Structure formats: structure tokens, C-alpha cells
Amino acid sequence: YQRSFPNFDPKNFGLYKAKDSSLCYYDDSQIAEAMRRIHEPGTPPYLYERGAHRPIIPVLMDSFECEQTLENDYYRAKNADVTLAFVRATAAGKDCGEFLVDDGMFDRDLGDKAADGRMTQFLNDYMALWEGSCSSCNMADDVDVP
């Protein structure tokens, strides 16, 4: 990494990766289900978090069956937990960017924790699609593009 970015200063830059399910856009039925679960005592840990609480995904030799199992059993439950975490975060006063960074939906791989504030603002300015919080959602206005 250092060869490719010799001027990288972890105090001034951060490298984040986006995880799947990392948008603040949930339909009414997802929000309603999360509101029903908001006081659920067994969550967290959430399914999107690493750990032994995650279900073991079976080894299936049929790719269609594997895809269906993942979609029906794992991804739906994981997305329900993401929505629940979002509802809890907004109930606690967090905005979309804070939720995405604090809950690890946008995970900092390189850089200092001080970059989290800038990333939170970036997400709110360009990617947050909830309740009109994304003022332009068009990075082309502020970023050099060919």
C-alpha cells in the first residue's frame, strides 16, 4: 500500500469500504417490522456483525438452492437487523451518516478515527436517501469527473 500511496497520512485520510445493505433507504413494511422489534432483548448482536451468533450457512451442491437459501434465510434476516439498527439509531438522534459509520456499514480500513466525521458528512451529503436528507445526491456537482 505504501508504494502506491507514498504520501498517505493516516491523520488526514481514510479508506472506507461499504458493506452490502449500507443505504439508509427502507420501505414502510421494513420500518414497521423494525418498530415492532425495537425493544427486542436478544438483538444486538445483529446478524450483520461478525461472531458466533451468525447462523452456519449449509454447503449445498445446487447453485439455485444455495442462492435461494441465502436470499430467503440469511439476507432477509440480516437486512431486517440492519433496518432495526437504523430505526434504533435514528430514535437515539443519529442521522444516516452517523449510523452507517458508527454501526460499521461503512467500515474504516485505513486512517484515523478523526476521518469518521468527514465520512459521516460525505454520506449525508451524497448518499443518504432518507427523509430528504440528501440535498443533491449528485457527486458530479462537487467532484471532478471527465
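The structure displayed is predicted, hence computed values, not measured ones. The first residue in the sequence is number 1, and the count goes up from there.
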For the side chain of Asp109 and the backbone of Leu15, is there at least one donor-acceptor N/O pair under 3.5 Å apart?
-> no
Shortest non-hydrogen separation from Tyr26 to Thr83 and the atoms involved | CD2-OG1, 3.3 Å
Val101 vs Asp107 side-chain heavy atoms within contact, under 4.5 Å | no
Could you tell me which residues satisfy side-chain hydrogen bond (donor to acceptor under 3.5 Å, both in side chains) with Arg108, sequence neighbours excluded, listed by chain and number?
-> Asp116
Inspect the surroundings of CG in Asp28 and state if more than 12 heavy atoms from other residues, nucleotides or ligands are less than 6.0 Å away.
-> no
Using modelled atom types only, decide if a donor and an acceptor are shared between the side chain of Asp81 and the backbone of Leu47 within a distance under 3.5 Å.
-> yes
Over all heavy atoms of both residues, which pair between Leu84 and Ile38 is shortest? Give the atoms and the distance, please.
-> CD1-CA, 3.7 Å
NZ-NZ distance between Lys78 and Lys19, expressed to the nearest 0.5 angstrom = 9.0 Å
side-chain contact (heavy atoms from CB on, under 4.5 Å) between Asp95 and Glu98: does it pass, once the steps are laid out?
-> CA-CA 5 Å; Asp95 60 32; Glu98 289 173 312; 3.3 Å; yes
Where do Arg37 and Arg88 come nearest, in terms of heavy atoms and distance?
-> O-NH2, 3.5 Å
Take Leu100 and Lys94 through the side-chain contact (heavy atoms from CB on, under 4.5 Å) test and state the conclusion after the steps.
-> CA-CA 10 Å; Leu100 291 174; Lys94 289 185 179 182; over 6 Å; no
Which of Asn124, Thr90, Leu123, Thr120 passes side chain to side chain contact (heavy atoms under 4.5 Å, CB included) with Cys96? It is Asn124
Is there a donor-acceptor contact under 3.5 Å from the side chain of Asp103 to the main chain of Met105?
-> no
Smallest separation among heavy atoms of Asp27 and Ser29, with atom names = OD1-OG, 2.7 Å
4.5 Å side-chain heavy-atom contact, Phe106 and Met119 = yes
Taking Arg118 for its side chain and Gly14 for its backbone only, find out whether a donor-acceptor pair lies under 3.5 Å.
-> no
Can you find a heavy atom in the side chain of Glu40 that is under 4.5 Å from one in the side chain of Thr43?
-> yes
Look at the rings of Phe86 and Phe99 and say which category their plane angle falls in: under 30° parallel, 30 to 60° tilted, over 60° perpendicular.
-> perpendicular
Glu49 (side chain) donor-acceptor with Tyr46 (main chain) under 3.5 angstrom | yes
